[in-house]
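Notes for the one structure printed next.
Counting starts at 1 for both ligands and their atoms, in listed order.
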Amino acid sequence: MPISNDLHDSSSPATASAACFQWQTAPGAAALSLLFLDGPIPPAAFGGALANVDNIPRRVWLKDDTGNRIDEAMACREGSGCLLTLHGGPAVRRAMEQALAAAGIKEAPAFPFGRGVFAARTLSLLPQARGAGAVALVLEAAGQREALRRALIEPSGIPSLLSESSAARYLFDPPRVQLWGPVNAGKSSLLNALCGRPLAAVGAEPGLTRDVIEGQCEHAGFTIRLFDAPGVWTGGSELDAEAQRLADTWRREADLTIHLVPPGAEAASPDGGWVVPSRADEGSGAGVSIHDPASLQALKDRLLEHFFGALRRLPPERRFALHPRLREDLGNSPEAARVWLD
Ligand SMILES: Nc1nc2c(ncn2[C@@H]2O[C@H](COP(=O)(O)OP(=O)(O)OP(=O)(O)O)[C@@H](O)[C@H]2O)c(=O)[nH]1
Ligand SMILES: [Mg+2]
């Protein structure tokens, strides 16, 4: 990953002998806090967690000088220092400040991390990033000013830049997947199994689910939103039919519909989406079963590949988590986007 040379101001007060720190986010009950450490960090500080930090963001467990865990953070090298993404909130902040004092790391007078507009705006997306994988990609993107400059100099590169980065919107607004199918297809059971929590009631009684129920599936650091729905059937009451109609409006807003087909049912002929045999342990074995962890894992992998695969396969210097404003600017006029690089 290219390191932007403007991420770190050369007039920073760090010297070869002293590290210093500065919070990049205001105190408060935010979801995430950003802390920039500049200069050589004592190797033993934070239980040695920052001794081998490099350009690719990774998870570290920060400990205080008595070995107590402070927080699980993302750490990434930036210029002459290190950027930490911590959980927000006053308790973590206070514990960090005590550990910094114990390590002899003083607060720096203001030095602007991300002086470049691009880095600053890209990093402003961090609090919206959903999942550790999303945080890592935003941190990487903030350091890619030079790669962006190269793409902008070559105007024919902009369309591919935009298409490559389009999936990045799912880092902030996770993709929506609608589970669909006949009553008793196993939609609610699958929602619970994929999310790892009993969100929806399940049972052999047909038409048990009467509403759209949302869950979140976290997989490999990425978030996917899943929606359960009332089953498709003709034997229900007017209330069931009304619930179905409502669910259908949700389905049309989903990014993907998974049509579950239980053993013995007619295969759906969906207008797009995936057809997946369900309750596979009762059928031919092909498809997904809540009793077969490997089949659940395979479905999650397939979803991850569908929504994030292209983005994750790009070389690091092209994995732009572009700020929505920058995407808009690039779409309108490459010239307008250049102000991001000044
Ligand atoms: N053997 C087996 N049984 C399953 C599986 N998934 C669901 N079931 C059972 O199938 C029945 C129906 O499951 P639900 O998850 O409630 O089905 P649904 O599609 O949500 O049904 P409705 O809400 O009525 O539309 C329950 O008795 C579940 O225990 C599976 O993978 N294998
Ligand atoms: Mg159900």
Side-chain angles (χ1 to χ4, degrees), residues 130-131 170 173-309:
R130 304 278 291 270
Y170 293 136
D173 183 15
R176 300 172 53 147
V177 176
Q178 180 71 59
L179 300 176
W180 202 251
V183 288
N184 279 344
K187 302 176 293 297
S188 303
S189 304
L190 188 59
L191 174 85
N192 295 346
L194 291 174
C195 298
R197 289 195 291 147
L199 297 164
V202 300
E205 181 195 334
L208 196 61
T209 304
R210 278 259 171 85
D211 218 335
V212 174
I213 298 169
E214 177 175 359
Q216 284 202 10
C217 168
E218 309 284 339
H219 186 46
F222 293 88
T223 302
I224 292 171
R225 294 168 74 191
L226 289 171
F227 295 85
D228 185 15
V232 181
W233 67 328
T234 51
S237 64
E238 181 48 34
L239 187 62
D240 292 307
E242 179 59 23
Q244 257 295 305
R245 280 194 288 276
L246 272 175
D248 205 43
T249 60
W250 280 79
R251 180 169 74 101
R252 276 181 253 129
E253 287 182 17
D255 297 295
L256 174 72
T257 300
I258 298 183
H259 299 263
L260 293 181
V261 185
E266 289 270 311
S269 52
D271 45 350
W274 298 351
V275 176
V276 175
S278 61
R279 301 172 57 171
D281 55 302
E282 295 175 326
S284 67
V288 67
S289 160
I290 59 164
H291 302 302
D292 176 9
S295 73
L296 295 168
Q297 182 75 17
L299 185 58
K300 288 189 203 177
D301 287 346
R302 190 177 167 200
L303 285 168
L304 202 71
E305 172 60 26
H306 180 74
F307 290 111
F308 298 104

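Put simply, the side chain of T223 never gets that close to the backbone of E218: no donor and acceptor are under 3.5 Å apart.
Taking any N or O of V288, backbone or side chain, none lies under 3.5 Å from an N or O belonging to ligand 1. Residue-to-ligand polar distances keep V183 apart from ligand 1: every N/O pair is separated by 3.5 Å or more. Of the N or O atoms in G203, one or more lie within a sub-3.5 Å distance of an N or O in ligand 1. For the pair G231 and ligand 1, the shortest N or O to N or O distance falls below 3.5 Å. At least one N or O atom of G207 sits closer than 3.5 Å to an N or O atom of ligand 1. Taking distance alone, with nitrogen or oxygen atoms compared against 3.5 Å, L190 stays at or beyond that limit from ligand 1.
Here the heavy atom of the protein found nearest to atom 21 (O) of ligand 1 is N184 N, 3.0 Å. The protein atom (non-hydrogen) at minimum distance from atom 25 (O) of ligand 1 is K187 NZ, 2.8 Å. Of the protein's heavy atoms, R279 CG, 3.8 Å lies nearest to atom 4 (C) of ligand 1. Of the protein's non-hydrogen atoms, the one nearest atom 14 (P) of ligand 1 is S189 OG, 3.5 Å. From the protein, the heavy atom lying nearest to atom 32 (N) of ligand 1 is D281 OD1, 2.7 Å. For atom 23 (O) of ligand 1, the nearest non-hydrogen atom of the protein is T209 OG1, 2.8 Å. At the top of the distance list for atom 31 (O) of ligand 1, counting protein heavy atoms only, stands I290 N, 2.9 Å. Looking only at heavy atoms of the protein, atom 17 (O) of ligand 1 is closest to G186 N, 3.2 Å.
Checking T209 against S188 by side-chain atom types alone, a donor-acceptor pair falls below 3.5 Å. In summary, the side chains of D240 and S237 do present a donor paired with an acceptor at a separation below 3.5 Å, with no hydrogens or angles considered.
The closest side-chain heavy-atom distance from R210 to P230 is not below 4.5 Å. Taking 4.5 Å as the limit, every side-chain heavy atom of V276 sits out of range of all side-chain heavy atoms of V261. No side-chain heavy atom of L190 sits less than 4.5 Å from a side-chain heavy atom of S278. Side-chain atoms of I224 and L194, non-hydrogen and from C-beta on, never get closer than 4.5 Å to each other. When side chains are defined from C-beta on, Y170 does not count as touching R130, because their heavy atoms never get closer than 4.5 Å. Under the 4.5 Å side-chain criterion, counting only non-hydrogen atoms from C-beta, L256 is in contact with F307.
A salt bridge does not link E305 to R302: none of the charged side-chain nitrogens sits closer than 4.0 Å to a carboxylate oxygen. The existence of a salt bridge linking R245 and E238 is confirmed by a sub-4.0 Å separation between a basic side-chain nitrogen and an acidic carboxylate oxygen.
Those atoms of ligand 1 that come under 4.0 Å of a heavy atom in E205, given as number and element, are 24 (O). Within ligand 1, the atoms closer than 4.0 Å to a non-hydrogen atom of H291 are 1 (N), 2 (C), 32 (N), numbered from 1 in the order shown. Annotation for ligand 1: atoms under 4.0 Å from non-hydrogen atoms of A185 are 19 (O).
Within the 2.8 Å limit, S189 places no N, O or S atom next to the Mg ion (ligand 2).
Using a 4.0 Å cut-off between heavy atoms, S289 contacts ligand 1 through both its backbone and its side chain.
A cation-pi arrangement is present between R176 and F227, with the terminal nitrogen or guanidinium carbon under 6.0 Å from the aromatic centre and inside a 45° cone about the axis.
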